[in-house]
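One structure below.
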Amino acid sequence: MKRAMAWGSLPLAVLLDFLTLRLALLLHPQLQPWDPLALAWGLGLARWALLSLSAQAARGRGPGLPGGLQEALLPLAALLSLLLPSYVTLQALAQPRAPRSELLHGWGRGDVFGLTYGAAGLVAALWHQLFPAGKGEPGPSASLGRLLACMRPDLLRFVAIAGFLVLSSLGEMAIPYYTGRMTDWIVSEDDPSAFVRAIWAMSLITVGSAVTEFVSDCLYNGTMNRIHMRIQSRVFSSVLRQEIGFFHANRTGDITSRVTADTDAMSEALSEKLNLLMWYGMRGVFLFGLMVRVSLRLAFFTAVGLPLILLVPKLSGKFHQSLAQRVQESLAKANEVAVETFQAMATVRSFANEEGAAKHYGQRLQETYRLNKQEAAAYAASMWTNSLSGLTLKVGILYYGGRLVTAGAVSTGDLVTFVLYEMQFTTAVEVLLSVYPSVQKAVGSSEKIFEYMQRTPQISPPGTLAPPALRGHLQVQDVWFSYPGRDDAPVLKGVSLELRPGEVTALVGPSGAGKTALVALLERFYEPQRGRLLLDGRDLREYEHRYLHRKVALVSQKPVLFARSLHENIAYGLGGRSRQEVMGAARRANAHGFIARLSHGYDTDVGEMGGQISGGQRQGVAIAQALLRDPRVLILDDATSALDTESQLRVEKEIYEGPRAGRSVLLIAHRLGAVERADRILVLEDGAIREQGTHRELLARRGSYWRLVQTQLNGEQGGGSEGGLGAGGP
Ligand SMILES: Nc1ncnc2c1ncn2[C@@H]1O[C@H](COP(=O)(O)OP(=O)(O)OP(=O)(O)O)[C@@H](O)[C@H]1O
């Protein structure tokens with residue numbers, strides 16, 4: 001039904017269009033005072049509106065029309081409507097004295113009307129062949145828009161490039177033009193100095209054209225490099241804005257390749273092919289303009305013939321390509337037979353079927369040979385039609401041009417100039433047609449890049465709150481959380497707790513209880529599905545991003561350092577910090593000792609991911625990092641597990657004595673000895689707080705905490721590992 005409606009709207013549009021033209025023709029005598037040119041444009045624009053609306057209606061009715069044709073409807077509407085005013089304008093320019101109004105009469109006739117639709121039909125068929133509809137993937141127009149938006153800051157440079165391109169393209173036209181002039185001179189021999197003048201002019205213009213082309217190329221390449229850099233850094237920044245879950249859901253390699261390889265490939269394809277597209281596009285426009293100037297009739301003849309001569313080789317090329325593919329498939333099948341035979345050689349031998357196998361393979365080869373012959377013939381035919389169609393157009397132009405020369409409508413020199421222009425024009429159109437799909441592909445591949453660039457993080461945007469004074473009072477209220485994509489497995493089930501300024505709150509519990517998940521929420525890596533996280537009574541989401549992470553510092557289980565100096569690592573994200581400040585933080589984290597012993601001290605490069613220092617040293621550096629921020633809330637997620645006993649004690653001293661300055665501390669530890677002195681100990685089990693109290697209270701209760709302590713004591717006695725329990729034991 002939809003298909004019928006889509007097809008039905010087209011003849012209706014054609015009929016309406018015809019009636020509009022007839023009406024305009026009828027009304028023409030009444031519209032005499034109007035300038036025929038203005039009338040032609042008025043009529044053209046009205047037709048355009050009418051046909052575009054019908055085209056939109058046909059497009060909107062679903063899969064009625066073949067994809068390529070559907071895409072071509074709007075440009076076709078423009079072509080049909082604006083051809084008449086453009087033609088009249090061009091003719092008015094070429095023959096200023098000719099009566100313009102007559103031109104309009106001709107276009108109202110049924111046969112001319114039929115001719116325009118015939119030509120448009122041909123263009124539609126060509127379009128359908130050259131630009132078949134994409135198979136379900138989104139069209140590149142959206143990406144093109146986004147790409148152009150990225151190019152906008154360089155608009156002025158593009159204007160300059162276009163200016164140089166115009167100059168250089170115009171210069172290129174000099175050779176055919178002066179060749180024509182010289183031909184005229186050779187034919188008439190009336191002005192000897194004209195020949196020399198033509199050579200001089202031609203040489204100077206050609207050199208000028210080469211210079212402008214060079215400048216334009218330099219400017220273009222520089223601009224494209226800037227755009228590449230801009231896109232790459234925007235993708236990188238956009239990736240950095242994403243929520244942590246994004247980095248878990250996507251492989252690091254995939255993310256990196258979008259930022260680097262994909263943008264590189266797109267920029268390369270774009271800068272190379274877009275250049276050709278602009279260059280040959282500009283040339284094509286000028287060449288056609290000059291062709292029109294030399295002879296309007298010959299230019300019209302070329303415009304009608306060109307789609308034909310391009311369509312034939314395209315069709316024959318397609319046939320050749322399909323045969324080439326069949327040859328490949330047939331070869332693959334023959335290979336399969338060979339591989340199968342060699343793999344089952346023992347079976348072939350035991351059945352004494354060597355001859356049968358050879359025959360089978362031979363049959364396959366015969367098939368390949370037959371297809372090969374067909375492919376060779378198709379290739380020759382494709383080459384033949386290629387050159388023949390080009391030749392046909394040239395012969396046609398020469399024949400028609402010859403008649404125009406005989407009739408005195410054009411000079412011999414003009415015909416030579418025209419043929420030279422036409423040859424360049426055909427090349428330009430061929431290059432444009434071959435390059436356009438690559439540009440489309442590059443634009444299409446930018447889709448993936450823009451997908452990252454415009455991805456909205458799945459976490460609420462940070463707020464703007466940044467109070468000058470912060471107490472560091474953190475409240476977790478009835479928080480429920482499950483990791484993205486694991487909705488059925490909540491990791492935190494109604495957790496409530498409070499971190500008070502000046503107090504150390506310890507969180508203990510078995511592996512997988514949800515301790516790190518809670519930390520991730522406090523750091524805003526994720527957001528809870530239910531419940532609230534408040535800092536000084538305000539939701540964490542309200543705080544400004546940098547402010548929050550300076551005030552709430554985390555030392556994670558496995559700190560990762562960057563491949564730079566120890567000084568830069570400790571001051572990471574804080575901008576320039578003096579050596580004294582960095583050293584002070586390192587001393588408090590008990591990391592100064594090992595750093596001072598290194599030959600380059602604080603300037604030592606720690607290697608990729610901090611791999612050139614030990615795990616314990618990394619933890620020391622990470623604690624120094626956090627202390628340098630002088631946070632109001634300090635979270636240590638099993639952050640001292642790899643430290644030696646002396647360092648652990650020093651860090652514990654800092655933790656328990658530091659809060660006197662009013663800091664809230666959340667201490668997560670597996671080594672329960674580290675939490676004995678905490679003001680409050682919370683036991684988290686299976687995503688819920690089971691117990692809370694001081695070390696003594698919890699031991700006296702003989703519940704989960706007591707069991708954890710017992711398990712650790714037994715483990716130590718059995719395994720003899722380090723531990724700090726006992727001092728406060730029952
Ligand atoms: N990125 C993730 N995606 C999905 N599930 C996760 C993810 N990280 C952890 N989990 C799961 O969430 C649960 C809680 O893990 P969490 O790391 O919070 O435990 P934990 O108490 O910190 O353990 P540990 O003491 O060993 O560090 C575990 O069952 C774990 O398998």
Side-chain angles (χ1 to χ4, degrees), residues 239 242-255 457-459 474 476 478-497 499 505-531 533 540 552-560 615-616 618-619 622-623 626 633-643 648 665-675 678 680-692 698 703-705 707-712 715-716 721-725:
V239 168
Q242 300 308 318
E243 75 283 359
I244 292 290
F246 170 84
F247 295 90
H248 290 160
N250 294 287
R251 281 185 305 205
T252 315
D254 290 348
I255 302 175
Q458 309 291 298
I459 193 162
L474 228 160
V476 176
D478 190 25
V479 159
W480 286 74
F481 172 67
S482 50
Y483 280 99
R486 300 261 190 100
D487 299 342
D488 52 334
V491 177
L492 297 177
K493 304 166 190 166
V495 169
S496 296
L497 58 91
L499 306 185
T505 306
L507 188 65
V508 297
S511 282
K515 302 183 291 292
T516 304
L518 181 68
V519 170
L521 295 183
L522 294 178
E523 280 291 306
R524 291 235 320 120
F525 293 161
Y526 300 95
E527 275 180 354
Q529 279 80 29
R530 261 168 59 189
L533 297 151
L540 280 190
V552 181
L554 162 71
V555 186
S556 63
Q557 274 175 344
K558 287 185 198 133
V560 175
R618 270 202 296 276
Q619 280 193 340
I623 295 169
V633 181
L634 176 63
I635 304 170
L636 296 144
D637 185 0
D638 209 10
T640 56
S641 56
L643 295 182
Q648 274 179 353
V665 178
L666 177 64
L667 177 65
I668 299 175
H670 276 291
R671 198 180 61 85
L672 297 177
V675 305
R680 213 165 333 105
I681 301 171
L682 309 175
V683 183
L684 187 71
E685 262 178 16
D686 193 23
I689 304 282
R690 299 280 178 225
E691 279 180 346
Q692 53 180 306
L698 291 179
S704 304
Y705 182 73
R707 276 193 297 278
L708 280 174
V709 172
Q710 292 308 310
T711 314
Q712 202 159 86
E716 277 160 20
S721 74
E722 69 187 56
L725 277 174

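FYI, the numbering just counts along the sequence from 1. Every number for a ligand or one of its atoms is a count from 1 in the order of the listing. These values consider heavy atoms only, across backbone and side chains, with no hydrogens, waters or symmetry-generated copies.
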Do L666 and V633 come within less than 4.5 Å of each other through their side chains, counting heavy atoms only?
-> no
Could you tell me whether the side chain of L492 reaches within less than 4.5 Å of the side chain of V476, counting heavy atoms only?
-> no
Could you say whether the N/O atoms of G509 and ligand 1 ever approach to under 3.5 Å?
-> no
For atom 22 (O) of ligand 1, the protein heavy atom that lies nearest, with its residue and separation = T516 OG1, 2.6 Å
Of all the non-hydrogen atoms in the protein, which one sits nearest to atom 26 (O) of ligand 1, and at what distance?
-> S511 OG, 3.1 Å
Pick whichever of H670, Q557, R486, K515 has a heavy atom sitting closest to atom 27 (O) of ligand 1.
-> Q557
Rounded distance [0.5 Å steps], CG in L507 versus OG1 in T516 = 9.0 Å
Can you tell me if Q458 uses its side chain to pair, donor with acceptor, with the backbone of E243 under 3.5 Å?
-> no
Do H670 and K515 come within less than 4.5 Å of each other through their side chains, counting heavy atoms only?
-> yes
Which atoms of ligand 1 are found less than 4.0 Å from any heavy atom of A517?
-> 18 (O)
Among P484, G687, A669, G512, which residue places a heavy atom closest to atom 15 (O) of ligand 1?
-> G512
Please work out whether any backbone atom (N, CA, C, O) or any side-chain heavy atom from C-beta onward of V491 is under 4.0 Å from ligand 1, and answer side chain, backbone, both or neither.
-> side chain
Measure from atom 12 (O) of ligand 1 to every heavy atom in Y526, F247, Y483 and give the option owning the shortest one.
-> Y483
Would you say F247 and V239 make side-chain contact, with heavy atoms under 4.5 Å?
-> yes
Which protein non-hydrogen atom lies closest to atom 1 (N) of ligand 1, naming both residue and atom, and how far is it?
-> H248 ND1, 3.6 Å
Proximal atoms of ligand 1 relative to G514 (non-hydrogen, under 4.0 Å) = 14 (C), 18 (O), 19 (O), 20 (P), 21 (O)
Determine, counting only non-hydrogen atoms of the protein, whether one lies under 4.0 angstrom from atom 30 (C) of ligand 1.
-> no
Within a distance of under 4.0 Å, is there any protein heavy atom near atom 8 (N) of ligand 1?
-> yes
Going from CG on L682 to CG on L667, what distance comes out if it is rounded to the nearest 0.5 angstrom?
-> 11.0 Å
Side-chain heavy-atom pair I255, F246 within 4.5 angstrom cut-off | yes
